[in-house]
2 protein chains.
Amino acid sequence: METRELRYFVAVAEELNFGRAARRLGMAQPPLSRAIARLERRLGTELLVRDSHGAALTGAGRVLLREARTALDAVAAAEARTRRAGRPALVLAAKAGASTELLAKLLAAYAAEPGSVPVDVRLCQYGEQGVLLRRGEADAALLHLPFDSVTGLDTEELHTEGQVALLPAGHPLTARRELRLADLADLPDLPAPRYPRPDGTHPDGPGPAIRDHAQLYQLIALGRTCAVLPDSCRTQLRDDVAAVPVPDAPRVTTLLAWPPDSRSRPLADLLRAAAGR
Amino acid sequence: METRELRYFVAVAEELNFGRAARRLGMAQPPLSRAIARLERRLGTELLVRDSHGAALTGAGRVLLREARTALDAVAAAEARTRRAGRPALVLAAKAGASTELLAKLLAAYAAEPGSVPVDVRLCQYGEQGVLLRRGEADAALLHLPFDSVTGLDTEELHTEGQVALLPAGHPLTARRELRLADLADLPDLPAPRYPRPDGTHPDGPGPAIRDHAQLYQLIALGRTCAVLPDSCRTQLRDDVAAVPVPDAPRVTTLLAWPPDSRSRPLADLLRAAAGR
DNA sequence: TACGGCGATACCCGCCGGGTATCGCCGGTG
DNA sequence: CACCGGCGATACCCGGCGGGTATCGCCGTA
């Protein structure tokens, strides 16, 4: 199988429409149909069932969609890492606005290592760090359990902390010394924010769709939503947002993740710095 | 990058000789040279330095070799898993001759699960199980720490045990109640077996090159080598091989491994059966 | 019944991936 | 020192395949 065929299949499987997929790929529809048909013939399986409305995935098609995405990521990673090879700099991906203190400490500790190398910090939207790692555009990433997925990555735990509720300053609940998760569920005036799913789409619901922390803070300050976030976010609160501890919220673990088998000197140094020797 | 180009590059990088690589690929040398040159041009990096003796990898070339192998594995996995999709059977890879009792128990426990599916057991040579998993030719594998690599796989520990030395029956050391690793190092009459490295090649040395347990047992019985293996191998000893405990050998953990993100029903059932509910 | 949108088919073209022949370079060897 | 052999690069050619356009058959809908 050639990567071109995989790209074609992913486009069709995502659009479920040959014409739209062809347009997205910048080509005409007939060669795309032929390419998919050839792929099915070679695999000996139907991937899509077509009718005059469009197409639908078969079981094998769903399998190939998932597998093709990871294979294409691996190819993209091969390309990106080769391009970056020799360029002596470390790319570290981190959620914008999260674990800022920890990140600063980590960067300082690494910079103090002998033989350390410039670190290019890429601040990401929610869930983007994993993609950057898997695509080879970053050497390491700061992730947060239980929010981010770490399947297929090597990791090192850095820090664990509780969570606090962030509410608009002056909201009645800010008078409480503590809150429970149940207190925050289904508040009519503060609908829960809708965080992106791993595929980048947002679930349905009344609350605002969120992409990063800056957005979230501003929406909380505006009284449009509330959120439960790790304790460490308190260091960067302005006075239009109030924090109340939520003891029954799951604890959050910050960890450093990197692609398995990567064994570069700078990455090893970063891990050593992160572990505090 | 197309997978064809990656296959070409891997062939050249492994042979370090364009002519041989071309022969291995079943093609002529000039188009191969051109393809590699085009790849380098597109990546903007030298991958190989050529002289009239052959070629050598640059730093970027070494990176691409590693990355290309994993990318090609991912593509092969996409193909294999799609081909197997719908075929309702589990493929379980296990080292031939290792953990036989555990394997039997696991198979029995899984077969007792409601909705269980036929299990195709693939008995492998040393280190082959990981490859089968990564290539998508197996759904799960039994691996042994610290021998097998589990990077990039999800795992569940099943069992931990000590190790015993296997010696030819009648060898002087079999008179001892216990041995230490040091006792077995550099025995002139029983040179240590040479296990394959992850890439399939064998290290140099005086001992015999080993591919699987059957080979190993026979060579021990013949008085050509000795080995340190998990306790559980005693259940299948014939009387021409003797076992002596080695308390200072590292403990061996048997674990069940599967590719990250695989979420098929049969695999989930197998994991449940392995965990004993 | 006409129409519009879907994927499939028929047919054509140009490019690129493959081939052969040959070159330039170098190192070993009689 | 001249020659040879093996290496990768270059020059040149060809056929197939990946892409295009035009059109068809099917079906749901107005």
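We name chains A, B, ... by the order of the sequence lines, and we start the count at 1 in each one.
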Whole angstrom value for the distance that separates [atom2] of [N] from [atom1] of [X]:
{"X": "B:Glu2", "N": "C:dG18", "atom1": "CD", "atom2": "C1'", "result": "16 Å"}
{"X": "B:Glu15", "N": "D:dG8", "atom1": "CD", "atom2": "C1'", "result": "15 Å"}
{"X": "A:Met27", "N": "C:dG7", "atom1": "CE", "atom2": "P", "result": "13 Å"}
{"X": "A:Leu16", "N": "C:dG7", "atom1": "CG", "atom2": "C1'", "result": "14 Å"}
{"X": "A:Leu32", "N": "C:dC6", "atom1": "CG", "atom2": "P", "result": "13 Å"}
{"X": "A:Glu5", "N": "D:dG18", "atom1": "CD", "atom2": "P", "result": "8 Å"}
{"X": "A:Ile36", "N": "C:dC6", "atom1": "CD1", "atom2": "P", "result": "17 Å"}
{"X": "A:His53", "N": "D:dG28", "atom1": "NE2", "atom2": "C1'", "result": "6 Å"}

Side chains of [X] and [Y]: does their closest heavy-atom pair fall under 4.5 Å?
{"X": "B:Thr3", "Y": "B:Tyr8", "answer": "no"}
{"X": "B:Asp148", "Y": "B:Gln129", "answer": "yes"}
{"X": "A:Phe18", "Y": "A:Leu48", "answer": "yes"}

Task: Donor-acceptor pair, side chain of B:Arg211 and main chain of B:Gln125, under 3.5 angstrom - done: no
Open item on the list: Please classify the nucleic acid contact of A:Arg20 as base, sugar-phosphate, or nothing, using heavy-atom distances under 4.0 Å.
Closed with: nothing
TODO: Give one of base, sugar-phosphate or nothing for B:Arg34, where a contact means two heavy atoms less than 4.0 Å apart.
DONE: base
What nucleotide among [options] has an atom nearest to a side-chain atom of [X]?
{"X": "B:Pro30", "options": "D:dG19, D:dA9, C:dA10", "answer": "D:dA9"}
{"X": "A:Tyr8", "options": "D:dG19, D:dT21, C:dT20", "answer": "D:dG19"}
{"X": "A:Asn17", "options": "C:dC6, C:dC25, C:dG19", "answer": "C:dC6"}
{"X": "A:Ser52", "options": "D:dG8, C:dG7, D:dC26", "answer": "D:dC26"}

- [ ] Find which nucleotide of DNA chain D each of B:Ala37 and A:Gly26 is nearest to by heavy atoms, and output the residue with the more 5' nucleotide.
- [x] B:Ala37
Task: C:dC16 phosphate, OP1 or OP2, under 4.0 Å from B:Arg38 side-chain N/O - done: no
Open item on the list: Under 4.0 Å from OP1 or OP2 of C:dG7: is there any side-chain N or O of A:Ser33 that close?
Closed with: no
Task: Polar side chain donor-acceptor pair, A:Thr58 to A:Glu46, under 3.5 angstrom - done: no
